[in-house]
Amino acid sequence: MQLKQNSGNEINGITFGGVGSGTTLENVEVAFNKDDGFEFFGGAVNGKWLSSIFVDDDAFDTDEGYQGKLQFIFALVDKDGDHAAEMDSKNDMGRRSHPQVWGATFIKANHTTGTSNGLIQIREGGGGTFRNMILTGRSGSGLGA
């Protein structure tokens, strides 16, 4: 399934609010969205073969205690995008976000202008397990806190 270009601001390509691990999320692409590609608020839905390209904010955004697994994910961030992944939570929450990411490729396009925000941002009590990842792009890309 492919979702293309949402014309509104602050409307994610796909938002998952408290979705559980019994849900199947596979083979989905979000392209040219004006906000985040995929946003996970809490829950533990697992995703495989997900792609987020040319979105205007974060390709993958986890928040509010998300505990799921993401495998074989791809993000291409251009000059209008922010991060390939933003992982945060709330410092005072009992259950903090801790996604498991396995097999990710994150690319920051070389034609991006200005300073880079980094490909991955972890903040506000967020965390996670990250394995088998490729991060590439312009100078300054990588992990930001």
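Residues Arg131 and Thr129 form a side-chain contact, since some pair of their non-hydrogen atoms from C-beta on lies under 4.5 Å apart. Contact check for Val77 versus Asp82: no side-chain heavy atoms found under the 4.5 Å cut-off. Using a 4.5 Å heavy-atom cutoff, the side chains of Arg123 and Glu86 are in contact. In this structure the side chain of Thr136 never reaches within 4.5 angstrom of the side chain of Lys108, judged on heavy atoms. Counting heavy atoms from C-beta on, the side chains of Val101 and Asn132 never come closer than 4.5 Å.
In plain terms, the two heavy atoms of Ala85 and Phe106 that are nearest each other are CB-CE1, 4.0 Å. For the pair Gly65 and Ser97, the tightest heavy-atom approach, listed with the atom from each and the gap, is N-OG, 3.0 Å. Of all heavy-atom pairs between Ala109 and Asp78, the closest is CB-CA, 4.1 Å. Closest non-hydrogen pair, Val55 versus Ser52, comes out as CG1-OG, 3.6 Å. The shortest non-hydrogen separation linking Pro99 to Met87 is CG-SD, 3.7 Å.
With values rounded to the nearest 0.5 angstrom, Asp80 atom CG is found 12.0 Å from Asn33 atom CG. Rounded to the nearest 0.5 Å, atoms OG1 (Thr24) and NZ (Lys48) are 10.0 Å apart. Taken from CD in Glu39 to CZ in Phe16, the straight-line distance is 11.0 Å, to the nearest 0.5 Å. Taken from CZ in Phe38 to CD in Glu29, the straight-line distance is 8.0 Å, to the nearest 0.5 Å. The CG atom of Asp58 sits 11.5 Å away from the CD1 atom of Ile120 when rounded to the nearest 0.5 Å. Here the CZ atom belonging to Phe72 is positioned 11.0 Å from the CH2 atom belonging to Trp102, to the nearest 0.5 angstrom.
Put simply, the side chain of Tyr66 gets close to the backbone of Val45: a donor and an acceptor are under 3.5 Å apart. Judged by distance alone, the side chain of Asp88 and the main-chain N or O of Gly126 form no donor-acceptor pair under 3.5 Å.
A donor-acceptor contact under 3.5 angstrom links the side chains of His83 and Gln121, judged on distance only.
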Fill in: Step-by-step side chain to side chain contact (heavy atoms under 4.5 Å, CB included) determination, Leu135 to Leu119
CA-CA 7 Å; Leu135 307 178; Leu119 280 165; 3.9 Å; yes
Fill in: Phe60 and Leu50: CA distance, side-chain angles, deciding distance, side chain to side chain contact (heavy atoms under 4.5 Å, CB included) verdict
CA-CA 10 Å; Phe60 297 91; Leu50 306 178; 3.9 Å; yes
Discussion item. Go through it in stages, so that I can follow the logic: the residues are Glu124 and Arg96, the test is salt bridge (Lys or Arg N to Asp or Glu O under 4.0 Å), and I'd like the CA-CA distance, side-chain angles, deciding distance and then a yes or no.
Written reply: CA-CA 9 Å; Glu124 297 176 355; Arg96 294 185 178 178; over 6 Å; no
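Checking each of Leu70, Ile14, Asn12, Val19 against Phe40 for a side chain to side chain contact (heavy atoms under 4.5 Å, CB included) leaves exactly one that passes, namely Leu70.
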